[in-house]
Each structure stands twice: as structure tokens, then as C-alpha cells.
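As C-alpha cells, the structure follows; a few thoughts come after it.
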Amino acid sequence: MSKIKVVVAGPRGRMGIEAVKMIVKVDHFELVGVIDHKHDGKKLSEIEGLPQLDVMVYSDITKCFSETQPDVLVDLTTPEIGRVHTKIALEHGVRPVVGTTGFSQEDLQSLTVMAEEKKLGAIIAPNFAIGAILMMKFSQMAARYFKDIEIIELHHDQKLDAPSGTGIKTAELISAVREPKVQGHPDEKETIPGARGASYDGIHIHSVRLPGLIAHQEVLFGGDGQMLTIRHDSFNRASFMSGVKHSIETVMKIDILVYGLENIIE
Ligand SMILES: NC(=O)C1=CN([C@@H]2O[C@H](COP(=O)(O)OP(=O)(O)OC[C@H]3O[C@@H](n4cnc5c(N)ncnc54)[C@H](OP(=O)(O)O)[C@@H]3O)[C@@H](O)[C@H]2O)C=CC1
Ligand SMILES: O=C(O)C1=N[C@H](C(=O)O)C[C@H](O)C1
């Protein structure tokens, strides 16, 4: 079996470092380049904190693709640049695996159309941790029985987007099985704006940002005299790597864009 040639965008980031380390450990993957807006023209080994690898750093994604001819781009950057990278990858026949969160519905729609036109696999996964996927699926199951739901997502204080991609994906999965509902008292008023959090089809999403946290989410289901809590915690970023590995393997076998890891696990 020939190796899957992979490029990582965002290699100095909290997720990017883990992804680089995982990719070089897998025999059937080959890290052929990294994309970083700093350190253009250096080797990975010349950047502090990164593995001692003879892999080129590119600031220009097009140059990176033409010189390294990758099969897959793993993007772990920011929504602003991640959406540009994903589009350029599809234009160049490179299959994107995107962990970057904060894409809009319009981004997802246009990238879906593009992948379909190009007949190219693409995976956008707001969360790569299997436990988080189960938390979302169990929440979707519970939503058939409990209609009053609040999502509390808790992350480290360096996170740029709120609500988290996982929080939004959870609300989307729930809303697919639950009629939109206004929760709480119909006359309730926020005396401080934002007190009730964001609302997705009436499901409230509350975003907590604190140093020391990594990635956590609770989904609360209220009923008469009872409450069900479904919670997931990522205690480190290695927790996401089996999902990144599975996505790199799977994206080579599909020819459409898949949004959410739940759609590619058995
Ligand atoms: N799907 C999942 O399971 C997970 C998804 N995420 C998501 O992944 C993304 C990254 O998270 P995290 O690693 O914590 O964030 P970091 O801020 O640690 O990493 C982002 C990296 O992208 C770099 N970057 C910024 N602009 C560019 C650019 N133009 N070209 C190349 N690199 C660039 C940053 O460099 P610099 O610092 O110099 O700006 C930084 O090194 C976020 O969107 C986050 O929500 C996170 C965890 C799990
Ligand atoms: O920024 C993070 O850290 C994370 N982002 C993703 C999200 O927005 O859901 C996944 C995970 O929660 C960690």
C-alpha cells in the first residue's frame, strides 16, 4: 500500500503539534510539508518545540501543494484562514481534513458543493474525540424524550470561537429530532444581555472560558422532577488524534464532503 502524503496547516498550534507527532508515527502516512504563516523556507527541525524533522515549512499553500503533491491537507488553524485553505485544497485536488472550528453555514454549503463538483473527499469535524461523538449521539437520543435542553461547553481561555464547534454540532443534531421550542418562561427578560446564552432553535448554549480547561461539554436535559446530564471531557489533545488518523484514512475513500465524525464511524 502506498503511503498517504499529508500536509499539516498550523503545525505550531496546540492541535497542530499533536497532529504532526501522530502522523510521523503512522507507517502508512508521510508528512511531506507544513503550512505556517511564519518560518517560511525553514525545516520543521529549526522551529522550537517541534519534532526534529527534515520537513519543509511553507507560507504559500499553492507552492506547498505544487512542490509536495500531497493527498491530504489537515487544517488546524483559524476559521478565517482555514476556510481559504480548504477551498484551495479542493481546487488543487487535495483532500481536506478540517478540525478548525468557526466555519459558517455558508462556508459549509459552498465547500460541500465544491467537493461534489470535484468528486473529492473532504471531512470537516468539529470534534475528533470518540467520547465527544458519543456524547453528541447520546444527547440526540435523549432529546426525543426530554424537550428542554441546555448545552454548557467549557474550554481553555485561548479559544477564539464561541460557541464551540461541538456545541453547535450538538444543537444541530438535537434540532434534527426535536421541534423548535422556546425554553424557559415566555416572558423572561435578560437584565444583563447574554445571560441566557446563545440560542440555536431555542436550545441555549453557554460558553465558559477558563485557564486550565481543555475541552469539555455538558448537555442538561430537564423533566418533571428529574434532570439528565451527559458530559464529556478531553483532558489532553491526544484525545483527538485517533479521530484525525481515522479521518485521514477515510477521506481517501470518499468523494463527497462529510461534516461530522459521527458520519464516518461504524
Ligand atoms: N476538531 C477538533 O477535534 C478540534 C478542533 N480544534 C480547533 O482547531 C483549531 C486550532 O486550535 P488550536 O490548535 O487550539 O489553536 P492554536 O491557536 O494553538 O493553533 C492555531 C495555529 O494556526 C496558526 N495560524 C494562524 N494563521 C495561520 C496561517 N495563515 N497559516 C498557517 N497557520 C496559521 C497559528 O499561528 P500563530 O500562533 O502564529 O498565529 C497557530 O500556530 C481551532 O479552530 C480549534 O477550535 C481544537 C481542538 C480539537
Ligand atoms: O478549541 C478547542 O480547543 C476545541 N475546539 C473544538 C470545538 O470548537 O468544539 C473541539 C474541542 O472542543 C476543542
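Each ligand, and each atom within it, is numbered from 1 in the order the structure gives. Note that the structure is predicted; figures quoted are calculated from it, not measured.
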Which of the numbered atoms in ligand 2 are below 4.0 angstrom from a heavy atom of [X]?
X      : result
His156 : 1 (O), 2 (C), 3 (O)
Thr101 : 6 (C), 7 (C), 8 (O)
His155 : 2 (C), 3 (O), 4 (C), 11 (C), 12 (O), 13 (C)
Ala215 : 11 (C), 12 (O), 13 (C)
Thr166 : 7 (C), 9 (O), 10 (C), 12 (O)
Asn127 : 10 (C), 11 (C), 12 (O)

Should Gln105 and Glu172 be marked as a side chain to side chain donor-acceptor pair (under 3.5 Å) after you check the CA-CA gap, both sets of side-chain angles, and the distance that decides it? CA-CA 11 Å; Gln105 282 303 325; Glu172 287 169 356; 3.0 Å; yes

Indicate, as side chain, backbone, both or neither, the part of Ala215 found under 4.0 angstrom from ligand 1 when only non-hydrogen atoms are considered. neither

For ligand 1, note which part of Phe240 has a heavy atom under 4.0 Å away: side chain, backbone, both or neither. side chain

Can you tell me how far the CZ atom of Phe103 sits from the CD atom of Glu80, to the nearest 0.5 Å? 9.5 Å

Distance from Arg83 atom CZ to Ile88 atom CD1, nearest 0.5 Å? 13.0 Å

Short side-chain donor-acceptor distance under 3.5 Å, Glu218 and His216: no

Quick test: of every protein heavy atom, which one is nearest to [atom], and how far off is it to 0.1 Å?
atom                    : value
atom 40 (C) of ligand 1 : Gly13 CA, 4.0 Å
atom 6 (C) of ligand 2  : Pro126 O, 3.5 Å
atom 3 (O) of ligand 1  : Phe128 N, 2.8 Å
atom 6 (N) of ligand 1  : Gly99 O, 3.7 Å
atom 37 (O) of ligand 1 : Arg12 NH1, 4.1 Å
atom 7 (C) of ligand 2  : Gly165 N, 3.4 Å

Check whether any N or O atom of [X], backbone or side chain, sits under 3.5 Å from an N or O atom of ligand 1, and answer yes or no.
X      : answer
Ile81  : no
Arg237 : no
Lys159 : yes

As an exercise, identify every atom of ligand 1 less than 4.0 angstrom from a heavy atom of Lys38. 38 (O)

Considering only heavy atoms of Leu76, which atoms of ligand 1 have at least one such atom less than 4.0 Å away? 10 (C), 20 (C), 21 (C), 22 (O)

Closest to [atom] among [options] (heavy-atom distance):
atom                    : options                      : result
atom 24 (N) of ligand 1 : Met241, His39, Gln158, His37 : His37
atom 2 (C) of ligand 1  : Pro126, Gly16, Ala19, Pro79  : Pro126
atom 5 (N) of ligand 2  : Lys159, His216, Lys169       : Lys159
atom 18 (O) of ligand 1 : Lys169, Met15, Arg14         : Arg14
atom 1 (N) of ligand 1  : Ser59, Ala125, Ser234        : Ala125
atom 44 (C) of ligand 1 : Val98, Asp75, Thr101, Thr77  : Thr101

Between [X] and [Y], is any pair of side-chain heavy atoms under 4.5 Å apart?
X      : Y      : answer
Ile35  : Leu73  : yes
Phe235 : Ile214 : no
Glu116 : Leu257 : no

Any chance you could lay out the side chain to side chain donor-acceptor pair (under 3.5 Å) test for Gln183 and His204, step after step, and finish with the verdict? CA-CA 8 Å; Gln183 295 182 188; His204 292 252; 5.0 Å; no

Apply the test salt bridge (Lys or Arg N to Asp or Glu O under 4.0 Å) to residues Lys159 and Asp161: give CA-CA distance (whole Å), side-chain angles for both, the deciding distance (0.1 Å), then the verdict. CA-CA 6 Å; Lys159 186 163 176 59; Asp161 53 318; 2.8 Å; yes

Validate the cation-pi geometry between Lys245 and Phe128: distance from NZ or CZ to the six-membered ring centre under 6.0 Å, angle to the ring axis within 45°. no

Can you tell which of Glu153, Gln158, His156 makes a side-chain hydrogen bond (donor to acceptor under 3.5 Å, both in side chains) with Arg209? Glu153

Please determine whether any non-hydrogen atom of Gly102 lies less than 4.0 Å from an atom of ligand 1. no

